[in-house]
Q: 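Dropping the structure in here first, questions after.
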Amino acid sequence: MGHGTNRVEDMSSPNNGTAGAGETVVEIHSVCLPPKKTAFQKLKKRVADVFFPDDPLQRFRNQTWRNRVILGLQSLFPIFTWASQYDLKLFRSDVVSGLTIASLAIPQGISYAKLANLPPIVGLYSSFVPPLIYAVLGSSRHLAVGPVSIASLVMGSMLSESVSPTQDSILYLKLAFTSTFFAGVFQASLGLLRLGFMIDFLSKATLVGFTAGAAVIVSLQQLKGLLGIVHFTGKMQFVPVMSSVFNHRSEWSWETIVMGVGFLSILLTTRHISMRKPKLFWISAASPLASVIISTLLVYLIRSKTHAISFIGHLPKGLNPPSLNMLYFSGAHLALAIKTGIITGILSLTEGIAVGRTFASLKNYQVNGNKEMMAIGFMNMAGSCTSCYVTTGSFSRSAVNYNAGAKTAVSNIVMASAVLVTLLFLMPLFYYTPNVILAAIILTAVIGLIDYQAAYKLWKVDKFDFFTCLCSFFGVLFVSVPLGLAIAVGVSVIKILLHVTRPNTSEFGNIPGTQIYQSLGRYREASRIPGFLILAIESPIYFANSTYLQDRILRWTREEETRIKEINGTTLKCIILDMTAVSAIDTSGLEAVFELRRRLEKQSLQLVLVNPVGTVMEKLHKSKIIESLGLSGLYLTVGEAVADLSSTWKAHGQP
């Protein structure tokens, strides 16, 4: 079967799988082995493909030492890539967007800290230091950094299961900072070691269900603030929360309810207006801070007439106090801090990178995933030492930042500066800020996390993904936040295992008038070729699926022989395996192919392999399977295999 060998085939038969009449010359091409490489060369290429798909050193080649130093600084500190071109026009845009997101970040920071069962001031601390670090290390121009609802909820629910935030507040604060430190270490390690693919186990379906479930839990938790309940459950499941709401009806405060419903209506209305008309983004961006100011004035004015509306109280002035001495590296709760850090780290990393890439695609620039992991990781490590808890890029603040015209990460510096002014001079003004307005702000923010359209799309496109989404949603709602996430990840892993251990195989037929062979199930016009059973394997052949594939191919063979007997058709002579989609094979797979050939041979059936890829071909050659198949056991295309074998049989007088 040498390259370019000419074979003659009678094309006049209607069942030969090709078009035309008379005799046509068929050129048979040999299947080549890949170029020889040493084991070290193969390992080097594999490592490069797995860990360095973007070839980060490519830009350093053929450069002077001076340019390499500059490029190295730009790689480590992305701020150097645009700082030299920065001008007053860009600065004006960044100032406007920075002040705009600051008006949203200040009330959200206070609110999300309470969601994590932390002092409100910690939320403002977390909106000061991390944005400054991200502005230097981050590669996104539009990502607005600060506390987010999901990470706050997860941290609050996980830590409060073991430590009371009220009875043991110092230990709880230590664990929060320590969890943030481990979240940062985990995130930065993924970036440094280029292991970002690990977060891909959080599939789109998992995240849709998880965020929706978490949004419902967060919303239900805000009933405490909206109704004015004093004694409320610390649990995060649906049933305990609703039980606590109705068991404490005597604590409901009509003054709080009226204020909460009123401001919630205003916030939802402004959000709706901004969604309908993006140019009016500033309405929804300014409404939280405006609501805080108005509600604070109202409570201050009526403070002597009613005590039913609870408020924040004293918040200390000044910069972030150092918290390095509060990191908890030994003791009974260290494992809890590590576990909380890893889970919140994964969630915040997933959200931050997704948000950054979303807005980068709108402006046609790239966000480097590994750099983002390191930037978010280092800012959380630094934050844990400066009284901050887990932070990442917020979708709501980043959307406002984008719509406000942000040009670079300087908008984060402007936002941090506004927070700094607030910390130094304005903290006493928040004394009478009612807790109900914080609940209303959180509710408005998390409603957007419930993505009905994404869930409906999952149902239409992939039922298994929709099932994963439901597992995540109901797991968070009725079991717990971390276990709900674990259940969804477990279902996703099961899906992966099913795809690996039970890969798809399909029977091919010829599309009349062409040399194209496609699935009989997809193309009604495709027809079987008498004497041939053509099968396609659509996955690598590993130890996990080799036995299944062997059994499945033998079953295809039995079913085809039964079908032929029923219609009194041409005897089955050859099994063709199209291996185009078989990207890899291991020793168990090779054994399965060898055993399959042996078993088919006992049934007087020939096994033919078509188009194995380079690495698969190399292993088939080294294992001597190619030799055992013979000269007519390997072809480049299904069409060539059918044509060559048919002409050979005809030459030997076989029907």
Side-chain angles (χ1 to χ4, degrees), residues 50-54 56 75-79 81 101 126 130-131 133-152 154-155 180 182-211 214 341-383 390-402 406 408-409 411-412 448-449 451 454 472 485 488-489 492:
V50 172
F51 297 104
F52 305 98
D54 54 342
S75 296
L76 293 173
F77 306 102
I79 191 173
T81 59
I101 57 174
S126 303
I133 296 173
Y134 182 83
V136 176
L137 299 177
S139 58
S140 172
R141 302 172 197 166
H142 300 96
L143 198 69
V145 171
V148 292
S149 57
I150 297 299
S152 302
V154 172
M155 176 173 283
T180 301
F182 283 115
V185 170
F186 179 74
Q187 292 165 335
S189 299
L190 289 181
L192 287 168
L193 300 176
R194 306 183 74 84
L195 298 174
F197 59 84
M198 289 179 62
I199 67 173
D200 292 338
F201 281 100
L202 288 179
S203 65
K204 172 71 173 178
T206 300
L207 289 173
V208 168
F210 175 79
T211 52
I342 291 175
I343 292 177
T344 54
I346 291 174
L347 290 172
S348 58
L349 197 59
T350 304
E351 180 175 357
I353 293 177
V355 172
R357 285 176 174 168
T358 297
F359 292 105
S361 65
L362 295 176
K363 285 294 184 180
N364 198 30
Y365 69 92
Q366 276 193 324
V367 166
N368 188 302
N370 289 299
K371 288 181 183 177
E372 288 297 285
M373 292 177 197
M374 289 188 284
I376 295 173
F378 286 134
M379 80 180 186
N380 278 318
M381 290 169 66
V390 174
T391 54
T392 188
S394 162
F395 186 83
S396 59
R397 287 192 293 275
S398 299
V400 170
N401 197 31
Y402 175 83
T408 69
S411 60
N412 274 299
L449 297 176
D451 195 343
S472 182
L485 183 62
V489 171
S492 298

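Values reported hereafter were calculated over all heavy atoms of this structure, with side chains retained and with hydrogens, waters and symmetry mates removed. If you read the sequence from its start, that first residue is 1, and numbering goes on from there.
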Q: Test your reading of the model: is there a side-chain donor-acceptor pair from Thr180 to the backbone of Val390, 3.5 Å cut-off?
A: yes
Q: Check Tyr134 against Ser139 and note the closest heavy-atom contact, atom names and distance.
A: OH-N, 3.8 Å
Q: To check you understand the geometry: which heavy-atom pair defines the closest contact between Arg141 and Ala406, and what is its length?
A: O-CB, 4.4 Å
Q: Determine, stepwise, if the pair Thr206 / Ser203 fulfils side chain to side chain donor-acceptor pair (under 3.5 Å).
A: CA-CA 5 Å; Thr206 300; Ser203 65; 2.9 Å; yes
Q: Is there a donor-acceptor pair under 3.5 Å between the side chain of Thr391 and the backbone N or O of Gly146?
A: no
Q: With sequence neighbours excluded, tell me which residues meet ring pair (Phe, Tyr, Trp, His ring centres under 6.0 Å) with Phe359.
A: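 Expected list: Phe395, Tyr402.
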Q: Just to verify, what does Phe77 make a ring pair (Phe, Tyr, Trp, His ring centres under 6.0 Å) with, not counting sequence neighbours?
A: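 Phe77: no ring pair (Phe, Tyr, Trp, His ring centres under 6.0 Å) contacts found.
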Q: Going by atom type alone, with no hydrogens or angles, which donor-acceptor pairs under 3.5 Å involve a side-chain atom of residues 348-357 and a protein atom two or more places apart or on another chain?
A:
from	atom 1	to	atom 2	distance (Å)
Ser348	OG	Gln187	NE2	2.8
Ser348	OG	Thr344	O	2.8
Ser348	OG	Gly345	O	3.2
Thr350	OG1	Ile346	O	2.7

Q: If only atom types and distance count, is the side chain of Glu372 paired as donor or acceptor with the main-chain N or O of Gly138 below 3.5 Å?
A: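 No.
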Q: What's the shortest heavy-atom distance between Ala454 and Val208, and which atoms?
A: CB-CG2, 4.0 Å
Q: List the atom of Ser75, the atom of Pro78, and the distance in Å for their closest heavy-atom pair.
A: O-CD, 4.3 Å
Q: Donor-acceptor pair, distance only, cut-off 3.5 Å: does the side chain of Asn370 make one with the backbone of Leu192?
A: no
Q: Please report the closest heavy-atom contact between Ala214 and Ile150, naming both atoms and the distance.
A: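 Minimum heavy-atom contact is CB-CD1, 3.4 Å.
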Q: Measure across Ser398 and Ala144 and return the closest heavy-atom pair with its distance rounded to 0.1 Å.
A: OG-N, 3.0 Å
Q: Given Ser140, which partner from the list Asn401, Asn412, Val367, Thr408 fulfils the side-chain contact (heavy atoms from CB on, under 4.5 Å) test?
A: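 Of Asn401, Asn412, Val367, Thr408, side-chain contact (heavy atoms from CB on, under 4.5 Å) with Ser140 is met by Val367 alone.
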